[in-house]
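Per chain, numbering begins at 1; letters A, B, ... match sequence-line order.
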Amino acid sequence: MTNAALKTQSNDPSFKDLLDELQWRGLVALNTDEDALRKALNETKITYYIGFDPTAPSLHLGNLVQLLIMRRLQLAGHKPLALIGGSTGLVGDPRPTAERTLNTKETVSEWVEKLGKQASRFLSFEGDNPARLVNNLDWTAPLSAIDFLRDIGKYFRVGTMLSKDAVSARLNSEHGISYTEFSYQILQGYDYLELFRRYDCTLQMGGSDQWGNLTSGTDLIRKVEGKSVHILATPLITNSDGQKFGKSEGNAVWLDAEFTSPYAFYQFWLNVDDADVIDRLKVFTFLTKAEIEDLAKQTAEAPHLRAAQKRLALEVTTLVHSAQAAQAAIDASAALFGQGDLAALDIDTLQSALGELPNTQAAIGTPITQLLIETGLVDSISAGRRAIKEGGVYVNNEKIIDEAAVLNDLLHSKFAVLRRGKKTLAGVFAL
RNA sequence: GGCUAGUUACCCAAGUGGCCAAAGGGAACUGACUGUAAAUCAGCUGGCUCAGCCUUCGGGGGUUCGAAUCCCUCACUAGCCA
């Protein structure tokens, strides 16, 4: 369970202090009293937390931003609390679009387990400032509705609650908002209070879209305990073209290898735009300022070599999966995107490369459309036919023209490389 | 509790009895150009045993030769009234 990558990480000593580095990396969108926060970070070892709600069976790239900033603070000697939202996940934070569908308690608790394990991979649980995993269900589950309303609810003004962006956006939309999601901010505020009491936690971090929920905690602590605590919000990562970051072919990029294979993960990073790659290096790697500036220079001078993308893909894949997985992805990429003559690849290289891809077994004579479905390259036979009609399907780099084509050419009498478009690949092992 | 207006494909949004598998835009995907880029241009986007057929327009029921379109009912949403 220990992650070898943890040992090699460090903050960049060339910065005056941690906050400077975080700002340079573009990780600070908003924060409470900056001088006080800087002072706290520089002069003391504080305890801080970030919450992750179990809304899916895996964490995604947005969560990774948070995990890495957590790690950066831990490297500076501060104590991380990774909170998995066993209770908040049951309620669901208000999204700007529409009400969430509630998941069953069983599902959520399963996800809590999974996310906890995943998050643990990015933090050290050893040394002087070990990370701690907490679950807000521990303190909210025993709370009765009456206690909740009397002891906590009394501190929250509805006017303030209504003014939060997440709430007002929903109120102004045709979807409205349920009392359940409206209450979310109270739960998150209460979490901060509870962590402040239990662990003397004085900093909460989170995405800037969570600002309303973050301030809910500081307000509560000020009212109840008379103490002023900190918030640091990270910006939402967006692509330079304004599109959502973290999607590959319309799907989220997950940290769990079962949902996004290490190969697909590697490819995702390799395909980052020139315009974005330097920002990504700052956020998602522990490379120093000097190293990143060097890569920026290389990108400017020889963009086609994509040195920055390659380094980024290597670093992040190593971090999230492993050095071995990253190397396998690199080898597979080199083989499959190589000079084009797949037949020239030797059996072992081809076999392991295909193993990195989504793959399936099939007999000679199987329709190509069926193979496309089995490997997940398309969702339906119609989509497969369409893809062929559009000239976007290749078997062993040969374009397929006929919608009814079947598998017949094999490499080394064993394999076939299936491709949709330029870079979506899958393997077929002949039976 | 009452009244009014809504609920359309991934998102926004047109359509108000047959010409609707459903306009338009966004986004995704594919092709060309490239660097496994960006921009641009073109194509394409329910499913299938694919020149045809099947299932879709909040859920259920009904009217009709025929419904996304009309009626009833339920759910949800917004606004107003209580």
Side-chain angles (χ1 to χ4, degrees), chain A residues 94-102 162 167-182 238-253 263-281 295-296 298-314 317 329-340 342 353 356-357 367-370 372-373 376-394 397 399-405 417-426:
Chain A
R95 286 180 298 187
T97 46
E99 195 80 9
R100 286 177 189 273
T101 309
L102 293 178
L162 288 173
V167 174
S168 70
R170 282 280 293 282
L171 281 176
N172 292 328
S173 80
E174 61 181 275
H175 298 287
I177 185 169
S178 67
Y179 184 73
T180 307
E181 290 193 1
F182 177 58
T238 50
N239 290 342
S240 54
D241 55 10
Q243 290 165 16
K244 268 186 205 148
F245 165 74
K247 300 271 177 164
S248 168
E249 295 195 21
N251 301 313
V253 176
Y263 172 82
F265 190 84
Y266 178 85
Q267 284 287 323
F268 169 81
W269 293 104
L270 197 63
N271 281 304
V272 167
D273 287 3
D274 291 0
D276 296 320
V277 69
I278 300 305
D279 286 349
R280 299 294 176 268
L281 282 164
L295 286 167
Q298 292 185 45
T299 298
E301 287 170 0
H304 58 281
L305 295 180
R306 290 178 302 139
Q309 279 91 340
K310 285 179 183 162
R311 186 65 188 274
L312 176 67
L314 170 66
T317 308
I330 292 171
D331 291 344
S333 300
L336 299 167
F337 283 99
Q339 310 329 315
L342 290 168
E356 295 297 316
L357 304 172
I368 300 301
T369 45
Q370 188 182 331
L372 290 170
I373 293 175
L377 254 41
V378 300
D379 292 330
S380 67
I381 294 179
S382 296
R385 288 209 179 99
R386 198 180 303 133
I388 290 173
K389 200 162 46 180
E390 290 173 333
V393 175
Y394 303 78
N397 282 350
K399 184 179 282 198
I400 301 298
I401 311 292
D402 180 5
E403 294 177 19
V417 178
L418 211 54
R419 174 154 67 90
R420 195 195 90 232
K422 277 183 194 155
K423 44 197 182 188
T424 315
L425 293 152

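rC44(B) is unpaired under the Watson-Crick or G-U wobble criterion, no partner having all donor-acceptor distances under 3.5 Å. Base pairing annotation: rC19(B) forms no Watson-Crick or G-U wobble pair, as no partner gives both donor-acceptor distances under 3.5 Å.
Side-chain proximity of D274(A) to rG31(B), rG47(B), rA37(B): nearest is rA37(B).
Qualifying side chain to side chain contact (heavy atoms under 4.5 Å, CB included) partners for E356(A), counting only residues two or more places apart in sequence or in other chains: Y263(A), A328(A), A332(A).
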Dump the pairs, protein N or O against N or O of nucleotides 20-23 of chain B, anything under 3.5 Å, distances to one decimal.
none

For nucleotides 44-46 of chain B, give me every protein contact, N/O to N/O, under 3.5 Å, one pair per line with atom names.
{"unit_1": "rC44(B)", "atom_1": "O4'", "unit_2": "E390(A)", "atom_2": "OE2", "d": "3.4"}
{"unit_1": "rC44(B)", "atom_1": "O2'", "unit_2": "E390(A)", "atom_2": "OE2", "d": "3.3"}

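The closest side-chain donor-acceptor pair between Q267(A) and S333(A) falls under 3.5 angstrom.
R385(A) places no side-chain N or O within donor-acceptor distance of the main-chain N or O of A387(A), the cut-off being under 3.5 Å.
The gap from the P atom of rC12(B) to that of rC3(B) amounts to 29 Å, rounded to the nearest Å. Nucleotides rC41(B) and rA28(B) have their P atoms positioned 15 Å apart, rounded to a whole Å.
At a cut-off of 3.5 angstrom, the base of rU34(B) holds at least one donor-acceptor pair with the side chain of K422(A).
Per the geometry, CZ belonging to R385(A) stands 11 Å off P belonging to rG47(B), to the nearest Å. Atom P of nucleotide rG35(B) and atom CD of E301(A) are separated by 18 Å, given to the nearest angstrom.
For the OP1/OP2 pair of rG31(B) and a distance below 4.0 Å, the side-chain nitrogens and oxygens of Y394(A) include at least one atom meeting the criterion.
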